[in-house]
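Predicted, not measured: the structure shown is a model, and the values here were computed from it. FYI, side chains are in, hydrogens and waters are out, and symmetry mates aren't considered; it's all heavy atoms of this structure.
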Amino acid sequence: MPELPEVETIRRHLLPIVTNRVIVDVVIRRQDIVGFPSVREFKYQIKGHRIAKIGRKGKYLLFSLTQGLLLVIHLRLSGHLRIMDNGNFLKYERLRLILDDSKAIVFVDPRALGRVYIIRDGKLPEVLAGLKGMGVEPLSYQFTADYLASLLKNRKAPIKTLLLNQRICAGVGNIYSDEALFKAHIEPTRPGGSLSRKEVARLLSAIRMVLKAGIRHLGTTMKDGRYLLPNGGIGGYQDRLMVFNREGMPCLVCGTEIRRIKIGNRSSYYCPRCQK
């Protein structure tokens with residue numbers, strides 16, 4: 001968390017509010033949130049620049065600023081952005097970008113794992129190797145069944161692990177991989193290379209389906225409230241989850257008890273009957 005649908009929801013909500021606004025000041029409450037350059041340089045470089053547009057690549061938010069600057073925000077496990085009137089301090093606030101209309105973009109992150117970066121002219125530092133090496137997004141036209149099949153070919157790793165690999169499936173994380181595998185009727189421990197061409201096509205369709213639904217319902221907000229919309233509201237996809245975080249509960253399709261297993265130190269939820 002947050003994954004592609006949550007990051008895209010944040011982007012869409014911020015876009016009409018902060019586009020063409022100027023960043024007049026920055027308050028850094030936890031210095032290790034700045035991944036590049038130094039904290040001093042970050043503060044110096046970002047002030048006075050206008051936000052031209054907001055893009056997204058995988059789980060990264062990309063704020064295009066004037067004079068060739070790019071503000072990259074990686075929310076990591078528990079981060080989210082709030083838009084609010086400047087002045088009110090929030091719990092777990094790590095960084096605040098103060099805008100010229102007296103509003104602020106506030107980076108809230110309970111686990112303090114998120115990072116922000118300033119780069120110039122598209123030159124990615126080594127600390128952003130994950131962004132540079134990111135694969136194709138499942139919602140793009142380039143992400144075809146042939147493309148996915150070529151990346152899974154001869155792979156012995158569990159399909160769940162491969163879906164979490166951002167070089168293969170950019171933007172997909174624990175929640176939406178579990179939901180996609182359920183809809184595709186594929187057991188998460190299956191070796192990626194064992195999937196037939198028909199199963200790959202079915203999985204691709206399922207991935208797109210759950211990601212689009214996640215965006216449509218404004219993302220997934222679990223009980224811990226780690227993901228919120230920029231206005232402080234909650235997403236709605238948590239009410240539509242079929243397997244994720246439903247250990248011990250009956251499958252909504254067949255009634256079989258949902259199981260939770262560990263795959264690569266990550267919890268995976270599945271139905272042992274629907275996903276044989």
Side-chain angles (χ1 to χ4, degrees), residues 1-9 11 55-62 74-76 124 128-217 219-220 237 240-244 253 258-276:
M1 281 288 293
E3 303 178 31
L4 188 156
E6 289 73 41
V7 180
E8 178 62 18
T9 298
R11 187 193 74 83
R56 180 190 55 76
K57 187 172 182 181
K59 303 175 187 179
Y60 291 84
L61 282 166
L62 309 174
H74 195 190
L75 300 171
R76 296 281 180 89
L124 295 178
L128 279 171
L131 177 58
K132 185 177 181 179
M134 189 169 293
V136 178
E137 286 197 3
L139 296 182
S140 71
Y141 291 114
Q142 292 82 9
F143 198 95
T144 63
D146 287 338
Y147 168 83
L148 182 57
S150 69
L151 294 178
L152 299 182
K153 186 177 181 180
N154 299 324
R155 300 294 292 266
K156 296 180 180 180
I159 183 61
K160 169 64 183 281
T161 300
L162 296 172
L163 291 182
L164 297 181
N165 185 334
Q166 297 303 288
R167 291 178 177 271
I168 294 176
C169 217
V172 174
N174 219 27
I175 295 174
Y176 296 94
S177 58
D178 279 355
E179 293 297 301
L181 287 168
F182 173 78
K183 289 186 180 295
H185 307 293
I186 297 171
E187 206 274 334
T189 60
R190 282 269 306 275
S194 72
L195 270 63
S196 67
R197 183 63 173 72
K198 184 177 181 180
E199 288 175 318
V200 170
R202 197 166 67 219
L203 177 58
L204 171 58
S205 177
I207 293 170
R208 285 178 171 162
M209 186 184 303
V210 298
L211 290 178
K212 288 180 179 180
I215 294 171
R216 189 166 60 252
H217 295 289
T220 302
Y237 197 63
R240 293 165 174 80
L241 296 174
M242 302 296 286
V243 289
F244 184 81
V253 173
I258 299 297
R259 293 181 183 173
R260 178 175 68 91
I261 57 175
K262 286 279 190 176
I263 302 177
N265 294 322
R266 303 293 295 274
S267 290
S268 294
Y269 300 85
Y270 75 106
C271 172
R273 184 173 180 180
C274 291
Q275 296 171 259
K276 288 183 179 179

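- Heavy-atom contacts from other residues, nucleotides or ligands closer than 6.0 Å to CZ of Arg76 number more than 12.
- Between the Ser205 side chain and the Arg202 main chain, no donor and acceptor come within less than 3.5 Å of each other.
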Subject >> Worked verdict on Lys212 versus Leu139 for side chain to side chain contact (heavy atoms under 4.5 Å, CB included) >> reply: CA-CA 8 Å; Lys212 288 180 179 180; Leu139 296 182; 3.9 Å; yes

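- For the side-chain contact (heavy atoms from CB on, under 4.5 Å) test with Leu61, the passing option among Arg11, Glu8, His74 is Arg11; the others fail.
- Residues Thr220 and Tyr176 bring a donor and an acceptor atom of their side chains to less than 3.5 Å of each other.
- Residues Ala170 and Pro138 approach most closely at O-CD, 3.2 Å, considering heavy atoms.
- Nearest heavy-atom pair across Ser177 and Asn174 is OG-O, 3.1 Å.
- Looking only at side-chain heavy atoms (C-beta outward), Leu181 and Tyr270 stay at 4.5 Å or farther from each other.
- Taking the side chain as every heavy atom from C-beta outward, Val253 and His185 never approach each other to under 4.5 Å.
- A pairwise comparison of heavy atoms in Thr9 and Ile215 identifies OG1-O, 4.1 Å as the closest pair.
- Arg190 places no side-chain N or O within 3.5 Å of a backbone atom of Lys160 that could act as its donor or acceptor partner.
- Two residues are said to be in side-chain contact when any heavy atoms from C-beta on lie closer than 4.5 Å; Phe143 and Arg208 meet this criterion.
- Checking each of Val243, Leu241, Ile261, Ile175 against Tyr269 for a side-chain contact (heavy atoms from CB on, under 4.5 Å) leaves exactly one that passes, namely Val243.
- Gln275 contributes a side-chain N or O that, together with a main-chain N or O of Ile186, makes up a donor-acceptor pair within less than 3.5 Å.
- Annotation: side chain of Ile263 is not in contact with side chain of Leu164 (no heavy-atom distance under 4.5 Å).
- Using a 4.5 Å cut-off on side-chain heavy atoms (C-beta onward), Arg260 and Lys262 make contact.
- A donor-acceptor contact shorter than 3.5 Å is absent between the side chain of Glu187 and the backbone of Pro272.
- Heavy atoms only, all atoms of each residue included: Ala206 and Ala180 are closest at CB-O, 3.3 Å.
- The minimum heavy-atom distance between Glu179 and Met242, with the atom names listed, is OE1-N, 2.7 Å.
- Across all non-hydrogen atoms, the minimal contact from Leu128 to Tyr60 is CD2-CE2, 3.8 Å.
- Put simply, the side chain of Tyr237 reaches to within 4.5 Å of the side chain of Val210, judged on heavy atoms.
- When each of Leu151, Asp146, Leu148 is paired with Val200, the side-chain contact (heavy atoms from CB on, under 4.5 Å) condition holds for Leu148 and for no other.
- The 12-atom threshold is exceeded at CZ of Arg240, counting heavy atoms of other residues, nucleotides or ligands nearer than 6.0 Å.
- At a threshold of 4.5 Å between non-hydrogen side-chain atoms, the residues Val172 and Glu137 do not count as touching.
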**OP:** Please report the C-alpha distance between Arg56 and Leu4 in whole Å, then the side-chain angles of each, then the deciding distance to 0.1 Å, and finally whether the side chain to side chain contact (heavy atoms under 4.5 Å, CB included) criterion is met.
**Re:** CA-CA 9 Å; Arg56 180 190 55 76; Leu4 188 156; 3.4 Å; yes

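- Taking 4.5 Å as the limit, every side-chain heavy atom of Ser267 sits out of range of all side-chain heavy atoms of Phe244.
- Put simply, CG on Leu152 and CG on Leu162 are 6.0 Å apart, with the number rounded to the nearest 0.5 Å.
- Here Cys271 contributes atom SG and Phe182 contributes atom CZ; the two are 6.0 Å apart, rounded to the nearest 0.5 Å.
- Note: Ile168 CD1 to Met134 CE = 13.0 Å, rounded to the nearest 0.5 Å.
- Side-chain N or O atoms of Gln166 include none that pairs as donor or acceptor with a backbone N or O of Gly135 at under 3.5 Å.
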